[in-house]
Amino acid sequence: MIRSGAGLAYLAMIEEERLELMTPHLRSLAGDEWPTREKSIKQARLDYQNLGFVLADQVFHLAIRAVATPVIAKSSGRIFTLSCAGPVATSERLRNEIGPKLTLLAKNLQTTTMMLT
């Protein structure tokens, strides 16, 4: 969860109290990487608040860039994530093109009559 754009998107949108409950477990999973992972989580929460999506630009691997956003199922309230990752996108393309389109797709999925379970 702390090593993917999709996981960061989930952590970005959950309530602060829930994140605090999860933090000891996340810290133990991260081990020595915790300071870096904690910084990524905080940045993801800011990105989601300001942009509507999360950027994971070379966070996990220098050759990989990702963008992700949560989708909340209308019928059940379950949280899913959409992500797009790969080695070819530029930071600008993620921020200005792919991220906004992914966010629009998430909004369309949330408002559709389709039942996500």
Side-chain angles (χ1 to χ4, degrees):
M1 178 173 293
I2 57 175
R3 291 184 173 92
S4 72
L8 287 176
Y10 173 83
L11 294 171
M13 66 83 49
I14 62 173
E15 304 85 15
E16 186 70 34
E17 297 79 20
R18 188 168 182 183
L19 179 60
E20 287 177 16
L21 289 173
M22 294 176 68
T23 296
H25 179 67
L26 296 172
R27 182 181 292 128
S28 71
L29 289 175
D32 293 341
E33 294 180 357
W34 176 245
T36 301
R37 300 300 173 209
E38 182 179 34
K39 183 179 176 184
S40 295
I41 294 168
K42 288 179 180 179
Q43 184 61 51
R45 291 177 71 83
L46 286 172
D47 287 347
Y48 179 64
Q49 182 180 24
N50 295 324
L51 303 171
F53 56 88
V54 171
L55 293 166
D57 189 6
Q58 300 176 311
V59 172
F60 307 108
H61 190 282
L62 291 178
I64 302 296
R65 292 184 160 100
V67 63
T69 192
V71 179
I72 304 168
K74 194 165 125 178
S75 61
S76 66
R78 289 179 64 189
I79 302 167
F80 297 86
T81 59
L82 299 174
S83 67
C84 183
V88 293
T90 63
S91 297
E92 294 78 23
R93 188 166 183 215
L94 285 176
R95 180 180 292 277
N96 299 323
E97 183 183 340
I98 299 170
K101 288 180 180 179
L102 202 63
T103 301
L104 180 60
L105 175 60
K107 287 178 182 176
N108 287 338
L109 286 172
Q110 286 175 182
T111 59
T112 186
T113 57
M114 181 174 70
M115 303 287 274
L116 295 175
T117 56

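The structure presented is a predicted model; accordingly, all values stated were derived computationally and were not measured.
- Note on Leu46: it does not cluster hydrophobically with Met13, by side-chain heavy-atom contacts below 4.5 Å among ILVMFWY residues.
- By the rule that hydrophobic residues join a cluster once side-chain heavy atoms approach within less than 4.5 Å of another member, Val67 and Leu105 end up as members of one cluster.
- Taking all atoms of both residues into account, the shortest heavy-atom contact from Pro100 to Leu94 is CD-O, 4.0 Å.
- The CG atom of Leu21 lies 10.5 Å from the CD atom of Glu16; values are rounded to the nearest 0.5 Å.
- When the shell of 6.0 Å around CZ of Arg45 is examined, it contains more than 12 heavy atoms from other residues, nucleotides or ligands.
- Distance check: Ile98 CD1 to Thr69 OG1 gives 13.5 Å after rounding to the nearest 0.5 Å.
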* Using the side-chain contact (heavy atoms from CB on, under 4.5 Å) rule, take Asp47 and Gln43 through it: C-alpha gap first, then chi angles, then the decisive distance, then the call. => CA-CA 6 Å; Asp47 287 347; Gln43 184 61 51; 2.9 Å; yes
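- Side-chain contact between Leu29 and Trp34: absent, with no pair of heavy atoms (C-beta onward) separated by less than 4.5 Å.
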* To do: Evaluate side-chain contact (heavy atoms from CB on, under 4.5 Å) for Arg37 paired with Arg3, printing each intermediate quantity in order.
  => CA-CA 8 Å; Arg37 300 300 173 209; Arg3 291 184 173 92; 4.1 Å; yes
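- The two residues Val54 and Ala12 make their nearest non-hydrogen contact at CG2-CB, 3.7 Å.
- Both Tyr48 and Ile14 belong to a single network of hydrophobic side chains, linked directly or stepwise wherever heavy atoms of I, L, V, M, F, W or Y lie under 4.5 Å apart.
- By the 4.5 Å heavy-atom criterion applied to side chains, Ile72 and Arg78 are not counted as neighbours.
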* **Stepwise side-chain contact (heavy atoms from CB on, under 4.5 Å) test for Leu55 and Leu8** => CA-CA 9 Å; Leu55 293 166; Leu8 287 176; over 6 Å; no
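- The side chain to side chain donor-acceptor pair (under 3.5 Å) pairs that include a residue from residues 17-29 are Tyr10-Arg18, where partners are two or more places apart or lie in different chains.
- Nearest heavy atom pair, residue Leu102 against residue Cys84, reads CD2-N, 4.2 Å.
- Taking each heavy atom of Ala73 and Phe80 in turn, the nearest pair found is CB-CE1, 3.8 Å.
- Both Leu11 and Ile79 are members of a single hydrophobic cluster when ILVMFWY side chains are connected at heavy-atom separations under 4.5 Å.
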* To do: Check the pair Leu82 / Leu109 against side-chain contact (heavy atoms from CB on, under 4.5 Å), numbers first and verdict last.
  => CA-CA 10 Å; Leu82 299 174; Leu109 286 172; 4.0 Å; yes
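- The cluster map of Ile, Leu, Val, Met, Phe, Trp and Tyr, joined by side-chain heavy atoms under 4.5 Å apart, puts Leu104 and Val71 in different clusters.
- Contact record, Gly5 with Ala68: O-CB, 3.3 Å, taken as the closest heavy-atom pair.
- Side-chain N or O atoms of Thr103 include one that pairs as donor or acceptor with a backbone N or O of Gly52 at under 3.5 Å.
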